[in-house]
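The structure displayed is predicted, hence computed values, not measured ones. Quick note: numbers below take in every heavy atom, side chains included, and nothing from hydrogens, waters or symmetry partners.
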Amino acid sequence: MSADPVVPETRVLAIASHVAYGYVGNKMATAVMQLLGCDVAALNTVHFSNHTGYRQFKGTRATADEITTIYEGMRQSNLTDFDVMLSGYAPSAAAVEAVGAIGMDLQRKTEKNPGSFFWVLDPVMGDQGRLYVNDDVVPAYKKVIHHADLILPNQFEAEVLSGVKITSLSTLAEAISAIHKTYNVPHVIITSVQLSDLTTNPSTTTSPTTLTVIGSTTRSDGSPRLFRVDVPALDCYFSGTGDMFAALTVARLREAVFAASPTLRTTRSWVSPDDVKATDLPLAQSTVKVLASMHNVLEKTMEARNAELAATPTAPDDDALAQVDAQKRLHLRQTKAAEVRVVRNARFLREPTVEFHPQEWKEEDLPR
C-alpha cells in the first residue's frame with residue numbers, strides 16, 4: 001500500500017453521530033477520510049455505546065447549544081480553516097439549524113475565494129418509507145439545504161425533499177430536477193435506488209440484485225446532468241454504509257476536482273462547464289471510485305461475518321422464554337458480526353478495484 005496521501009491536502013469538519021463500538025456516523029467517516037489522507041476535526045452530535053441497529057444502546061444526544069459551543073471554541077482559536085464540511089445526523093431541528101449556521105459561517109470565506117470551501121450535506125431523516133426523526137426536522141433541513149453544495153439523500157429522503165413520489169424512472173428524474181430547482185443545490189446524489197422496482201422496460205430493467213446510484217450536477221441554466229452507476233447488491237445488511245459513502249465522496253470528489261482543471265477548484269461549488277458531459281463530471285468519476293471501495297470492503301466484511309457466525313453456532317432451545325432470549329442474543333451476535341471492517345481493509349479505500357462505470361442518463365430517453 002502506498003504511503004503517499006491519496007487526495008490533495010484537505011481539512012474537513014465532520015459533524016455527525018458517534019458510537020464507542022463499531023463504525024457508523026463520525027466513527028466511520030473520520031476513519032475513512034483519515035485513511036485517505038484528510039485531516040479531520042470531528043464534532044459529534046450524539047455519543048452512543050453502539051448503533052441503534054442493535055435495538056438497545058446507551059448514551060446522550062448533543063443539544064444545539066453544545067454543538068454551537070464546540071464550534072465557537074474552534075473559531076476563537078482560529079481553527080476553522082476547513083476546505084470541506086461533511087454534515088450528517090443531527091438529533092433535533094434545533095441541532096440541524098445549529099449545523100446549518102456553522103456551514104454558513106464557513107461559507108463566508110468563499111465570497112472572495114470561490115471554491116475554497118465545499119459543503120457536503122447528508123440529510124439524515126429516514127429510510128424505507130418512514131421518518132426516524134421528529135417531524136420538525138424536515139422543515140429545518142429544507143431551510144438549510146439551500147446553502148449546501150452537494151446533498152446525499154436516499155430514495156425516501158429524496159421524496160421528502162422533492163415532494164415527488166418516486167415510482168418510475170421519469171419520476172426519479174423529476175425528483176432530482178425538483179431538488180436542483182427548489183433548493184438551488186448544484187450537486188445531488190441519490191445513494192440507493194432499486195431500479196428494478198421502477199421500470200418494466202426490458203431495455204432498462206436492472207436485476208433485483210443490483211443497486212443503482214443516481215447523480216447529477218447542474219448546468220448554468222439549472223438543468224440536470226444525470227448519470228447512473230449500477231453495482232451488485234450484497235445479501236447482507238450493513239450499518240454505516242451511508243456514512244461511508246459520504247466520507248469517500250468528500251475525498252474522491254476533491255481528488256477529481258483537482259485532477260480536472262486548475263480553474264475548477266476556484267469555481268464556486270465546483271460546477272463544471274456546460275460542455276462537460278454527465279459521465280465526465282468529477283461527481284461521476286468520484287462516485288465510481290467510491291462505489292468500488294465500498295463494494296470491496298463490504299465483500300470482505302461479509303466474508304468475515306460469515307466466518308464469525310459459523311465459528312459460534314447457536315444451539316436450539318425448546319423453552320419459549322429461552323427462545324425469546326435466544327432470538328435476542330442471535331440478533332445481537334448477527335449485528336455485531338456485520339460491523340463493517342473498515343480499518344482491516346484500508347487498502348481497498350486507497351486502491352479500489354474499479355469495475356463499475358457511469359452511464360449518461362438523459363431525461364428525454366426516459367419512459368413517460
Side-chain angles (χ1 to χ4, degrees), residues 120 150-155 157-159 162 164 166-180 185-234 241-242 244-246 248-249 251-253 255-257 259-260 264 270-296 298-299 348 352-368:
V120 179
L150 163 64
I151 65 168
L152 305 173
N154 58 34
Q155 182 175 333
E157 291 160 347
E159 291 177 337
S162 66
V164 176
I166 298 172
T167 58
S168 64
L169 293 177
S170 57
T171 53
L172 177 57
E174 184 183 343
I176 294 174
S177 296
I179 290 171
H180 279 314
V185 179
H187 310 276
V188 177
I189 297 178
I190 300 182
T191 53
S192 57
V193 179
Q194 186 69 65
L195 283 186
S196 61
D197 295 339
L198 303 182
T199 177
T200 56
N201 185 338
S203 66
T204 57
T205 299
T206 57
S207 164
T209 58
T210 299
L211 291 176
T212 300
V213 168
I214 307 291
S216 173
T217 295
T218 52
R219 299 182 184 88
S220 57
D221 63 359
S223 62
R225 279 174 282 188
L226 294 158
F227 66 88
R228 58 183 274 190
V229 185
D230 300 325
V231 296
L234 298 175
T241 54
M244 187 180 186
F245 185 95
L248 284 165
T249 296
R252 291 304 185 181
L253 179 57
E255 175 192 44
V257 166
L264 185 58
W270 301 342
V271 176
S272 300
D274 288 355
D275 60 353
V276 177
K277 64 181 183 179
T279 52
D280 291 336
L281 292 166
L283 196 65
Q285 295 301 310
S286 62
T287 299
V288 166
K289 284 191 174 182
V290 167
L291 293 173
S293 285
M294 290 186 66
H295 193 71
N296 293 159
L298 295 179
E299 276 189 321
F348 295 116
T353 303
V354 178
E355 301 175 1
F356 319 118
H357 303 284
Q359 304 169 55
E360 188 168 5
W361 193 36
K362 297 179 181 178
E363 287 187 90
E364 58 265 29
D365 296 335
L366 300 178
R368 299 290 177 183

Is it the case that the side chain of [X] and the backbone of [Y] share a donor-acceptor pair, with hydrogens and angles ignored and the cut-off at 3.5 Å?
X      : Y      : answer
Gln285 : Thr279 : yes
Ser177 : Ala173 : yes
Thr209 : Ala233 : no
Ser216 : Arg225 : yes
Asn296 : Thr353 : yes

In Å and rounded to the nearest 0.5 Å, what is the [atom1] to [atom2] distance from [X] to [Y]?
X      : Y      : atom1 : atom2 : result
Leu234 : Leu298 : CG    : CG    : 6.0 Å
Ser192 : Glu157 : OG    : CD    : 8.5 Å
Thr249 : His187 : OG1   : NE2   : 12.0 Å
Asp274 : Ser220 : CG    : OG    : 3.5 Å
Leu226 : Glu360 : CG    : CD    : 9.0 Å
Met294 : Glu299 : CE    : CD    : 12.5 Å

So which heavy atom on [X] is nearest to which on [Y], and how close?
X      : Y      : value
Phe348 : Ser293 : O-OG, 2.7 Å
Val164 : Glu174 : CG2-OE2, 3.9 Å
Gly222 : His180 : O-CB, 4.2 Å
Thr218 : Val185 : CG2-O, 4.1 Å
Leu291 : Phe245 : CD2-CE1, 3.8 Å

By side-chain contact (heavy atoms from CB on, under 4.5 Å) - contacts of Ala158 (at least two apart):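 Partners of Ala158 by the side-chain contact (heavy atoms from CB on, under 4.5 Å) criterion, ordered by chain and then number, come out as Pro153, Ile166, Ile179, Ile190.
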Short side-chain donor-acceptor distance under 3.5 Å, Asn154 and Thr191: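 Absent: no donor and acceptor within the cut-off.
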Contacts of Glu255 that satisfy salt bridge (charged side-chain N to carboxylate O under 4.0 Å, His left out) - sequence neighbours left out: Arg252, Lys289
Any side-chain heavy-atom pair of Val213 and Ile189 under 4.5 Å: yes
With Trp270, the side-chain contact (heavy atoms from CB on, under 4.5 Å) member among Leu150, Leu253, Thr217: Leu253
